[in-house]
Amino acid sequence: MDLSEASKRISQKFASQSVEVDPAFIEKKLRTLVEEFGVNLAEAEKTVTENIAKEHGLESVPRQTSEQREIGSLLPGEWATVEGKIVGLAKPFSPSISQTGIIADATGAIQFTAWARANAPLVEEGQSYRIESAVVDDYRGVPKLNFHAGTTITLLEENVAALPQVVKVSDLRPGVASMRVKMVQEWEARHERILQTGLVGDESGTVKFTIWKDDDATELEVGKVYNIFYASVSEFQGRLDITLNGARCFPDEEGDIEVGVGGAQYRGAIVSIGPGSGVIKRCPVEGCNRVLSRMNYCPVHEMQSDFRYDLRIKGVLDDGEKAHNILMQREVVEAVTGLSLDDAIEIAQNSPMGMDDVFYRLRDTMVGRYFICAGNDLGDTILVKECSPITYDRDRHAELLNRLGGEDNVE
Amino acid sequence: MSNEVRFKQQQTYEREPARRVFATELREATYHFKDGEDEKSPAYVLLPTGERCNRIFIIGSMTQKEKRGEQNLFYQFRVADPTGIFFVSASSFQQEAMQQVSRIEPPAFVAVVGKPSVYETPDGRIFVSVRAESVTVVDKEMRDCWVLDAAENTLKRIEGFDQSKDAALTQEHYPALDLKVYRQMAYEALRQINL
């Protein structure tokens, strides 16, 4: 138990926040708690630190001396001082945030949030700053740099070099990333604040993107290749999602990319197509999207007379050794069966068998056939992104004959 | 061992994979058993190549179809692969399959997903039939794909026999077992398809 060491540590923490506290004074306080009141040292250190912070009107307690750090090496929970260039600014979603964007140096980039309460000076895109004593935390797995009341921001005269490191889609992790991708699909926006949503991808796979409505947000064009610098990558329910507000997107008129589907590949026969496949009705309430029962009943929003049709297949792909549950969304079903959603709706509305007719058609064209499916394993189900039939393979036939044939091979 | 498997199945239900097996091998399977005492415990047929199967997937030619029964209708049909014949049935317990079969006129290439079971006739003969869960019409190319698949799976079972958890059980119940026979069977099946 070393009281003087602990008091020095505390004193240093406050020195980093430009608050001078006499170590002897701290030691006295510690001694009272430890020796008279039997508090253990760690607890005493915490109590004293908090009390001093309160006395000096500090928002929070500095946790460690903040040395200047490389942005690429920041970890949640740290206090840090960085020098970086503002490479993107996005409109804050909440009035309690005065500014949000991305700051980068040569080692990496991180999203930052300046809280309105901190009253920090506004930063400008393209300028470089020294940010002293900011806090790194993480929100849904994405590291963020927070500017609070104790953070000082100084404009630097010389520019900090910030070179975006381009990564492959399959290597994306929550945080900030730059990539070269092709816009491959535009989806229907299901929220009024969304300007555009869809898929971008490179050879290694695809990822969902979102552009929120914002004064200077622009849409991407399907089929065009973009160099995207400093997009925010987040993770929701195990799937990555990139936000392009605040990122820079430069179209590349010349280039083209062969977009891969990513994920693992599964070969096998479809041995079953289950209930809930075919034409389904979805709840129209914004953000709900649940499947309605035959009586148009949503488990949350009750009866819905208005609904949206959708097409999907829930089935089992079996390779003889393992049976995988698979889920195919509309685009995949349309591509592999040749049955469009519009045709399916027409059949469902006009056939005497109704929606069952579509189910039987899908079953009779899919079950008992071999397919190769690419997709992501969501735990108990594979979300199939691409599915194509397997055809007779002469080379495999020849290879099998070689492996099986001739007495020489038989033991 | 069996308790361990049962325990696992109680925790998470895993659908049994559909094994690829040639008719000749399935016909020689005579040992069947239940994994556990419950009514719902899965029943398996032990394949001579050392794998238990609860479900199979076959593609072959439907050759004969017969409607049987008075009040409880059922269909019996034969499916031929390059090695022999599968006896398949679809009764009112498998409504879906029964309706599918009713619309198919032999001869036709069919894909059958079903459960194999072993029967003993009153005079003591043992035979294996398949209760269909699903029967769909496919084309010759799919049949060829299946023959490759079945041959490859058969070879895998033969080569992995020693590592199979049911190897001892198989040797006990099929004492005259000669794996070479099944290797030859798969080879002959492949030879019947033109390269």
Side-chain angles (χ1 to χ4, degrees), chain A residues 266-275 277 314-326 337 353 356-357 359-372 379-382 388-411, chain B residues 12-21 51 53 55-59 96 99-100 103 109-114 133-159 179-191 193-195:
Chain A
Y266 303 87
R267 302 170 71 98
I270 292 194
V271 293
S272 168
I273 281 183
S277 300
K314 287 168 81 175
V316 179
L317 183 79
D318 184 314
D319 62 10
E321 275 157 24
K322 185 153 174 46
H324 300 277
N325 293 319
I326 53 168
T337 64
M353 283 192 289
D356 287 349
D357 198 334
F359 177 86
Y360 293 136
R361 278 176 203 234
L362 293 180
R363 184 192 64 187
D364 291 343
T365 52
M366 300 288 286
V367 174
R369 289 161 182 80
Y370 286 94
F371 293 93
I372 179 157
D380 59 351
T381 302
I382 296 161
S388 47
I390 291 180
T391 50
Y392 163 74
D393 182 346
R394 176 195 293 262
D395 294 342
R396 188 170 163 227
H397 189 175
E399 189 214 315
L400 280 168
L401 276 170
N402 281 337
R403 280 173 67 191
L404 278 159
E407 282 303 302
D408 301 350
N409 293 336
V410 181
E411 285 168 41
Chain B
T12 53
Y13 166 75
E14 253 189 47
R15 185 185 161 104
E16 290 278 344
R19 307 293 182 190
R20 280 44 159 175
V21 55
E51 188 141 47
C53 68
R55 181 177 276 126
I56 62 172
F57 174 63
I58 51 185
I59 298 184
E96 291 271 313
Q99 287 165 13
Q100 288 175 305
R103 293 198 304 271
F109 285 113
V110 289
V112 179
V113 180
E133 293 176 323
S134 154
V135 185
T136 45
V137 175
V138 297
D139 59 13
K140 182 172 175 299
E141 184 169 17
M142 273 300 120
R143 197 285 307 259
D144 293 350
C145 285
W146 179 83
V147 175
L148 302 193
D149 199 19
E152 186 170 6
N153 275 276
T154 304
L155 179 63
K156 270 194 204 165
R157 292 196 293 269
I158 294 168
E159 287 177 343
L179 288 172
K180 260 188 250 171
V181 173
Y182 301 104
R183 197 178 178 113
Q184 190 63 29
M185 169 199 74
Y187 180 69
E188 290 302 326
L190 287 174
R191 286 215 327 176
I193 306 176
N194 293 324
L195 256 177

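Throughout, protein chains are lettered first and strands after them, A, B, ... in sequence-line order, and every chain is numbered starting at 1.
Neither the backbone nor the side chain of B:Asp139 comes within contact range of chain A, judged by heavy atoms closer than 4.5 Å. In this structure, the portion of B:Arg103 lying under 4.5 Å from any heavy atom of chain A is its side chain and not its backbone. Residue contact with chain A, scored on non-hydrogen atoms closer than 4.5 Å, involves the backbone and the side chain of B:Ile193 alike. Residue B:Val110: no heavy atom, backbone or side chain, is found under 4.5 Å from chain A. Contact of B:Lys156 with chain A is made through the side chain alone, with heavy-atom distances under 4.5 Å.
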B:Arg20/A:Asp318 under side-chain contact (heavy atoms from CB on, under 4.5 Å): CA gap, chis, key distance, verdict: CA-CA 10 Å; B:Arg20 280 44 159 175; A:Asp318 184 314; 3.1 Å; yes
Step-by-step side-chain contact (heavy atoms from CB on, under 4.5 Å) determination, A:Tyr370 to B:Ile59: CA-CA 11 Å; A:Tyr370 286 94; B:Ile59 298 184; 4.2 Å; yes
Test log, rule side-chain contact (heavy atoms from CB on, under 4.5 Å), inputs B:Arg55 and A:Val271: CA-CA 10 Å; B:Arg55 181 177 276 126; A:Val271 293; 5.5 Å; no
Step-by-step side-chain contact (heavy atoms from CB on, under 4.5 Å) determination, B:Arg15 to A:Ser272: CA-CA 11 Å; B:Arg15 185 185 161 104; A:Ser272 168; 4.0 Å; yes
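Most heavy-atom pairs under 4.5 Å with chain A, from the set B:Glu141, B:Glu96, B:Arg191: that is B:Glu141. Between chain A and the residues B:Met142, B:Glu188, B:Arg143, the most heavy-atom pairs under 4.5 angstrom are made by B:Met142. Interface summary for chain B: among A:Leu400, A:Asn325, A:Thr365, the most heavy-atom pairs under 4.5 angstrom belong to A:Leu400.
No donor-acceptor distance shorter than 3.5 angstrom exists from the side chain of B:Asp144 to the backbone of A:Tyr392, with no hydrogens or angles considered. Within the 3.5 Å criterion, the main-chain N or O of A:Asp364 finds no donor-acceptor partner in the side chain of B:Thr136. A donor-acceptor pair under 3.5 Å links the side-chain atoms of A:His397 to the main chain of B:Leu190, judged by distance alone. The backbone N or O of A:Gly320 lies less than 3.5 Å from a partner atom in the side chain of B:Arg19, making a donor-acceptor pair.
Side-chain atoms of B:Asp149 and A:Arg396, non-hydrogen and from C-beta on, do get closer than 4.5 Å to each other.
Between the OG atom in B:Ser134 and the CZ atom in A:Arg363 there is a gap of 6.5 Å [rounded to 0.5 Å].
Here the shortest heavy-atom pairing between A:Leu404 and B:Tyr187 reads C-CD1, 3.9 Å.
Residues B:Glu159 and A:Arg403 are paired through a salt bridge, judged by an N-O separation under 4.0 Å between the basic side chain and the carboxylate.
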